[in-house]
Structure formats: structure tokens, C-alpha cells
Student: 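My questions all concern the structure below.
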Amino acid sequence: MTPSISIDCLTASQRQAVLHKDGPLLVLAGPGSGKTRVITCRIAQLIDSGVRPWNICAITFTNKAAEEMRLRVERSTPASGVYLSTFHSLCVWILRRYPEEAQVKANFSIFDAGDQQRCMKEAIKDSKLEAASFSPARMLEYVSRLKNELEDVEDFESRAHDYFTKNAAQVYRRYQKILKLNNALDFDDLLVRTAFLLRDHPEVRQSLSHRFHYLLIDEYQDTNRAQYQIAKGIALAHHNICVTGDPDQAIYRWRGADIGNILAFEKDWPETVVVKLEENFRSTPNILGKADQLIAFNTRRKQKKLIATRPAGQDIEIQTCDDENAEARYVAEQAQAMIEKKIDPNEIAVFYRVNSMSRAIEEAFVQRQLPYQVVRGIEFYARKEVRDLLSYLKLMANPEDNVAFDRAIGTHSRGIGKTSIERLEEFARIQGISLLSAALRAEQVETINRPTRLRLKEFAQMIAQFQQKVQGPTAPLMEEVFTASGLAGAFGSDEDAIENIDSLISAAAAYDRRVEQPNLTDYLQMVSLYSDSDAYDSSSGRVSLMSLHAAKGLEFDHVFIVGLEDGVLPHERSIEAGPEDMEEERRLLFVGMTRARKTLGISYARHRVIRGQFIRSTPSQFLYEIGFAGESRAVQSEQWDSGSDQYMYEPQDVPSVKTSIPYRVDELVEHSKFGMGRIKEILDLGEDSIVVVKFLSGNTKSLMLKYANLRKVGVKEQ
DNA sequence: CCATCAGCTTTTTTT
DNA sequence: AAGCTGATGG
């Protein structure tokens, strides 16, 4: 057989990683080091050397990454069947394969953040705790942390001694009980249950090791304890575990990711071969140098080189803006100029720390009619009409899902009110049955008035009717449920809603075509694991707007990072939390910066509206760490209703060049693009005078005075 | 039972 | 700014 892949064009280190065969392998891959390519080649190489594709399990961080890797693998080797997905999807797959051992029913619901909140509220209410110190958000975070540490209810109860932990233990117990009653698992449970399944069942471990003889895990620096245990469980029998990652790109500590997993890999697997990929094939040395300079401020890290291989390009631009609208205008204008220069919008991206910051940018793009996409996958599935329709389907797939029942019955008025539902819940609780079963026996619920009992029964029977058809393709099912449930009627003339439902059904139809045996449970579990970054379309022909977290793993020619302010990036919460979280914020910016191939524009605003409050802000400390020399001339906000043009710019800022030159050699000046510098030379040519300025960035530039817009440093703006 | 509105809180990041 | 809760009136 002729080798189907070419490794000739790989570097020595890359080749070493690709050709490594059995035993543990740790690939420490810096940004832009061709890591994805190495993994792909390695999979193809394994297949070429006789490993059967289905014996390979490759885990990526997002579904999108898995999808793309599948395409790449199938392009480099004719064989297919590699198990390729995320940790969460793998867990669903495992749990459904071993339901008895894992003590789950295969049709379990996966509860998203909203569902979790609902359950947590109920758990807190049942525990009769005061809301102030036991808010749902806080308790969810707390419970999630316990789960990430693989601490189950019993473990935690046994070490809970003070007031808070004792109550927290009670809430944890009730919360888990509610999930169980709903036949539901939350995101953390997927991992925890799988980890426990592997811990407690050697035969399952063995069978999985047999099935997955080679395990590859990407973004290993962002795995948590449960994921670590799962990986270990699968690989223990054969040690064929290859992990890739970069401790400097760890950005998920807050959700339990343990950077120690990658740092201690060599201790876990003593015969580990370590390959470092330090060359960077992505960014210009200008960008890479600054990124390196930034990350060097982190103390808790493994020293690593970033070796640039690209030719020099433009320097990073740091732009001061008056407020978030001015900042948005700056980005939009730059993007517009690029697009007019025939730069592909697909190659432009804007990153921000929090999703709410997309708003101002979007407005500026809309105003200039620039094409953009906001990468936020769950947004679509969070729409009311979509959630409404899905709640019927969830209820059909899992009749015990009371959260889905609640939502489905309340999608539109059908003469069943809050009190009736409460009474039904009471009845269900006493009988120990689900809401749907209770509704089927509504005539027995004497506390509810007679006509409402009838309506409840009618609803339950309708669902029962639907349930007859759960098997098979999902799209026709959706179509039918949408009309028969009365939802279609309720949305009536809402064209947006109808359009969204249409896209939902089209997506379901695509799923039906894609998989061999489409089925509702499978579809719903897949949809639940759909993530933000999955919505990224690399050929949309639009500029991409996304959070810094969503930017992980992507790359663009031109990148803008906005909101480099104290309190935004680094985020206020992280500043409060201490140095470890501050280092993670720094890594987050590092990740953002290293996405850029050719140009990088960073901006901050002197004022910003946060949660409806006008806040005055100062530049992020990270700006100073990458050599920011102080405020340059700010982009002003556009004034629409008040004042005329003359108030938009500050005229005293424009140096007069008509008379003699207002500068002297050695004077400190500031340039809007190049920052602070010192005048080295002045050529008095009247109108066309030239000044030579050595900027703090190290560059020396000759500038036409009349165009340079220099500003004297130390001259205060009001 | 249901729609509406005033008043209140709101921890970023995501699977 | 936006979403949620509880109160009010039809």
C-alpha cells in the first residue's frame, strides 16, 4: 500500500510526534505550531501502519474542531471510522452503551444552564434556606466545582461541618435527587458518571480500552479532573495516550480545568516521550514578540520559546477610544478599509471579553452595512420558539422530564394556570410519578377544578399520541408536533418565529440525512451539546465577532481585540480573585493575540456603559506589559443629536504647521498610531517639514509634520 | 386564568 | 440594559 500521507514537509519535531507509535506521547505545542496538522497526520499514519480506524479515539475541544478534523483525516487517508468527538459527546456515547452499569436510562435528558437553574431553585426552596447566601447561581457554581473535583454527595456530606457546607451538602443532595427524578444529567454529570463508571467497573474499562486502542486528546491543558480520570481509565491497559496542549493557553480554570493535568503528565506516564513544537508558522514576529512579552509576566508556567518563522510585518496598533461606540467605530472603519482593499472578510475577526460587548460592534457594522457574523451557537437554541418546540420533543423522548413538561404546557394559553400546575405537582410528588403520568390521571386530582382536569388530560393524551412516533427521522416528527401541538397557531403571524422554526426543522432534516439511524433521543442529546464555537462558519464571507474564549483554536489574518481596560480584560472578578485568575486573564489575551497572522489591532475605551451604568475606565495593565506608552489621541464618539461637527474634534490638538515648527529636538511627542516617541531631527521645509521620531516601540520614522498629527506629551487634555 | 407592569437584581468566560 | 418576581386588574 502506498502511504497516503506525506510527511516530507514536516519539521523534525512534527515528524517525531507523527511517527511516534506506541506508548504515551506529550506534545507541547505553542500557538501556530501546526498542532492540528500533526494530530491529523498522526491519525493517518496510525491507520497506514495497520491500526483499524475504529480503534482510534480522538478528542477535540469542540464539535466544530472534531468535524474539521474528520474532514482532514478523511482527506489524508481513505479509511474512515475514527471515533472523533468531544469529551462530552464521548461520555454520552459511553453512558448509552452501558446504561445498567452507569445506572442511567439511555433516554436521559441533558440539562442546560436554564434547566439547571430551575432545578437548583427548587432544591434551594425545598431546603428552606435564605436566598441571600444561597443564590441559585452561587450554588450551581459550587456544586459544579464539587462535581469537577469528582466529589459525590456522600463524600461531600462526610466532610461538611460548618453552617455553609452543611447546607450546601443538603442542596447538593436535593439537586441531584431532582435531576434523577427528571431522568436528567447536567453537563458535569456526563463526565462524573462516566468517570465513576470507569472507576467502578473494570470490565467496562477493559472493553473500552479494547475498543479504543489509541487515545488522542487535544487541548489537554483544559481538561478537568473527571476528564483526566476518564482518559486514564481508557488508556491504562495499553498506555497509548497522546495528549497535545499548551499550558500558556489554559483558559478554563474557572470551570475546573486543572493545568496540573498537563504539567504532571510525565509523572503519570513515566515512559512518556515529550515533543515540543516551538516554531510558529502563523504570526509575524511583530505579533509573536508582543505575545511572548506578555506571557512572560506569568510566573506559574513552563518556560517555552516562541520561534517566529514568518517575515516581519506591521506592528501591533494600540488605539485609545473615547467610549465603546467610538471603539466600535474604530474597528468598523478599519474593517471597512480592509474590505475595500479586497481583503476577504473571512480573514477579519473581532474578539471581546464578554459577549455583551458585541452589541456596540454590531451596531457600527450595521450602520456601515458591513457583513458580520456573531459566533454564538447556543443563541439560536435559546430562542423562545425553538426552546418551546424542543420542549415537546424532549418530553416525548423522556416522559420523566418535568422541566420539559412545564415548558411545553406553558408555551401558549390553553386554560391551564399556575395554581393547577402546582396542584398537579403536589399530586405527582405524593404519588411519586412524573408530571406527565400525573396529567394522564388528571381526573383523580380532586384539588383541580373539573374543566382544567379535562384540559390537562387532553394535553397528556396529545403527548402520548406523539410518543407513538418517536422512532425514526426527526424532521417530520417536528413538523407534525409543531402544528398538532397548537404552537403553529400560537405563533401565527410572527414571521421571525416561523422562520426560526423552519431553520430548526431544516437542521433536523440534515441530521436525519447525515446519520445512519436517526432517532429523537440521539438528536436531542446532540443538540444539547451544541456549543458556541460550533456556529463559526469559516467561509461565511463575513467578519467574525466572538468572545476570546470562542476564539480558541482559530486563526485569522487580521484580528481586533477590544476592551483592554482594567475590569474588563482583566475582568473585575479575576482582579478580585487574585494572582492565579489574573494569570488566566493574561493567557486569555495571549490566546487572542496569537490568533492573528498579519495584523493585530488592540483598543480600549476611556468610558464604557456596563449594565446600564456609565463607567470611567483606565487602560488594562496588560497594555503596559506589551509596551503601551500612554494614551494616544482618542477616537471620539459620533455625536448624533447634540452639537455640530466642531465639537466632535478638539481643534487645539491639531498642531499648527503654518508658522514655525512648534517642536524641538529631544522633545517627547505622541503619535496616534505609533505611540510615544522622542524627536531626533527636524527638517524645516515650511509646509512640507519633516520630523524624525524614535518611538518607544523601537522604530524610527520620518513623518510629514502636516500629516503626522503629533501631540506634545505632558500637555493635558481637559 | 392570564396579561401587564412596576420594581428589583444582576458574578464573564462554556460544555 | 435586561430578565425575573410579585402584584394588580380584567
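When reading the values below, keep in mind they use all heavy atoms of this one structure, side chains included, and skip hydrogens, waters and symmetry mates. The chains referred to below are lettered A, B, ... by the order of the sequence lines, with proteins before strands, and numbering in each begins at 1.
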Student: Report the residue (A:Ser533 or A:Ile448) whose heavy-atom-nearest nucleotide on DNA chain B is the more 5′ of the two.
Tutor: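 Its nucleotide being nearer the 5' end, the pick is A:Ile448.
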Student: Does a donor on one side chain sit under 3.5 Å from an acceptor on the other, for A:Asp186 and A:Tyr175?
Tutor: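 On atom types as modelled, these side chains qualify, holding a pair under 3.5 Å.
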Student: I want to know whether A:Tyr252 and A:Phe61 have ring centres closer than 6.0 Å.
Tutor: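 Judged by ring-centre distance (under 6.0 Å), A:Tyr252 and A:Phe61 do meet the cut-off.
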Student: With the side chain of A:Phe187 defined as its heavy atoms from C-beta on, choose the nearest nucleotide among B:dT13, B:dA3, B:dT15.
Tutor: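 That would be B:dT15.
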Student: Regarding A:Ser528, tell me which of base, sugar-phosphate or nothing describes its non-hydrogen contacts under 4.0 Å with the strands shown.
Tutor: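 Touches nothing.
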Student: Hey, does A:Arg253 reach any base, or is it just sugar-phosphate, or nothing, if we go heavy atoms under 4.0 Å?
Tutor: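 The residue A:Arg253 makes no contact with any strand.
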Student: Just checking A:Phe87: base, sugar-phosphate only, or nothing, at a heavy-atom cut-off of under 4.0 Å?
Tutor: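 Contact class for A:Phe87: none.
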Student: Here's a test of your reading of the structure: between A:Lys418 and A:Arg359, which maps to the more 5' nucleotide of DNA chain C?
Tutor: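 It is A:Arg359 whose nearest nucleotide is closer to the 5' end.
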Student: Give the rounded distance in Å between these two atoms: CZ of A:Phe111 and C1' of B:dT14.
Tutor: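 That distance rounds to 19 Å.
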Student: Answer with base, sugar-phosphate or nothing: what part of the nucleic acid does A:Leu190 contact at a heavy-atom distance below 4.0 Å?
Tutor: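 Nothing, no nucleic acid heavy atom in range.
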Student: By centroid distance (under 5.5 Å) and plane angle (under 30°), are A:His571 and B:dT12 in a stacked arrangement?
Tutor: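 Yes, the aromatic ring of A:His571 stacks with the base.
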Student: Please check the phosphate of C:dA1 (OP1 and OP2 only) for any side-chain N or O of A:Ser356 closer than 4.0 Å.
Tutor: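 No, because none of the side-chain N or O atoms of A:Ser356 sits under 4.0 Å from OP1 or OP2 of C:dA1.
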Student: Base, sugar-phosphate, or nothing for A:Lys121, non-hydrogen atoms under 4.0 angstrom?
Tutor: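 If one applies the 4.0 Å heavy-atom cut-off, A:Lys121 turns out to touch the sugar-phosphate alone, with no base involved.
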Student: For C:dC4 and B:dT13, measure between their C1' atoms and round to the nearest Å.
Tutor: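 After rounding to an integer number of Å, I get 23 Å for this pair.
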Student: Would you mind classifying the nucleic acid contact of A:Asn355 as base, sugar-phosphate or nothing, using non-hydrogen atoms under 4.0 angstrom?
Tutor: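 Sugar-phosphate only.
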Student: Step through it carefully: locate the ring centre of A:Phe459, locate the ring centre of A:Phe405, and say whether they are under 6.0 Å apart.
Tutor: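 Under 6.0 Å, so yes.
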Student: Is the shortest side-chain N/O distance from A:Ser547 to OP1 or OP2 of B:dT12 below 4.0 Å?
Tutor: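 It does not, given that no N or O in the side chain of A:Ser547 lies less than 4.0 Å from OP1 or OP2 of B:dT12.
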Student: Take atom CD1 of A:Ile251 and atom C1' of B:dT14, then tell me their distance rounded to the nearest Å.
Tutor: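 Value for this atom pair: 10 Å.
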Student: Whole Å only: how far is the OH atom of A:Tyr381 from the P atom of B:dT14?
Tutor: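 My rounded result for the distance is 17 Å.
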Student: Rounded to the Å, how far apart are A:Leu424 CG and B:dC1 P?
Tutor: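 Answer to the nearest Å: 12 Å.
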Student: Kindly say if A:Thr419 contacts the phosphate of B:dC1, meaning a side-chain N or O under 4.0 Å from OP1 or OP2.
Tutor: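 Answer is yes, contact under 4.0 Å.
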Student: In whole angstrom, give the distance that lies between atom CD of A:Gln116 and atom P of B:dT14.
Tutor: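 These atoms are roughly 15 Å apart.
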Student: Does one side chain, of A:Tyr536 or A:Thr62, offer a donor that lies under 3.5 Å from an acceptor on the other?
Tutor: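 Per modelled atom types, A:Tyr536 and A:Thr62 side chains form no pair under 3.5 Å.
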Student: Can you tell me if A:Asn298 and A:Asp248 form a side-chain donor-acceptor pair at under 3.5 Å?
Tutor: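 Per modelled atom types, A:Asn298 and A:Asp248 side chains form no pair under 3.5 Å.
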Student: Once you round it to whole Å, what is the distance between P of B:dT14 and CG of A:Asn224?
Tutor: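 Distance check: A:Asn224 CG to B:dT14 P gives 17 Å.
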Student: Check the orientation of A:Phe212 and A:Trp93. Use parallel for under 30°, tilted for 30 to 60°, and perpendicular for over 60°.
Tutor: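 Tilted.
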Student: Report the distance from atom CD1 of A:Ile416 to atom P of B:dC2, rounded to the nearest whole Å.
Tutor: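 For the pair A:Ile416 CD1 and B:dC2 P, the rounded distance is 8 Å.
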Student: Of A:Ser89 and A:Arg353, whose nearest nucleotide on DNA chain B comes first from the 5' end?
Tutor: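 This one resolves to A:Arg353.
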Student: Round to the nearest Å and state the distance from A:Tyr252 atom OH to B:dT14 atom P.
Tutor: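 Interatomic distance, OH of A:Tyr252 to P of B:dT14: 6 Å.
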Student: So does A:Arg611 get a side-chain nitrogen or oxygen closer than 4.0 Å to the phosphate oxygens (OP1/OP2) of B:dT12?
Tutor: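 Yes, such a contact exists.
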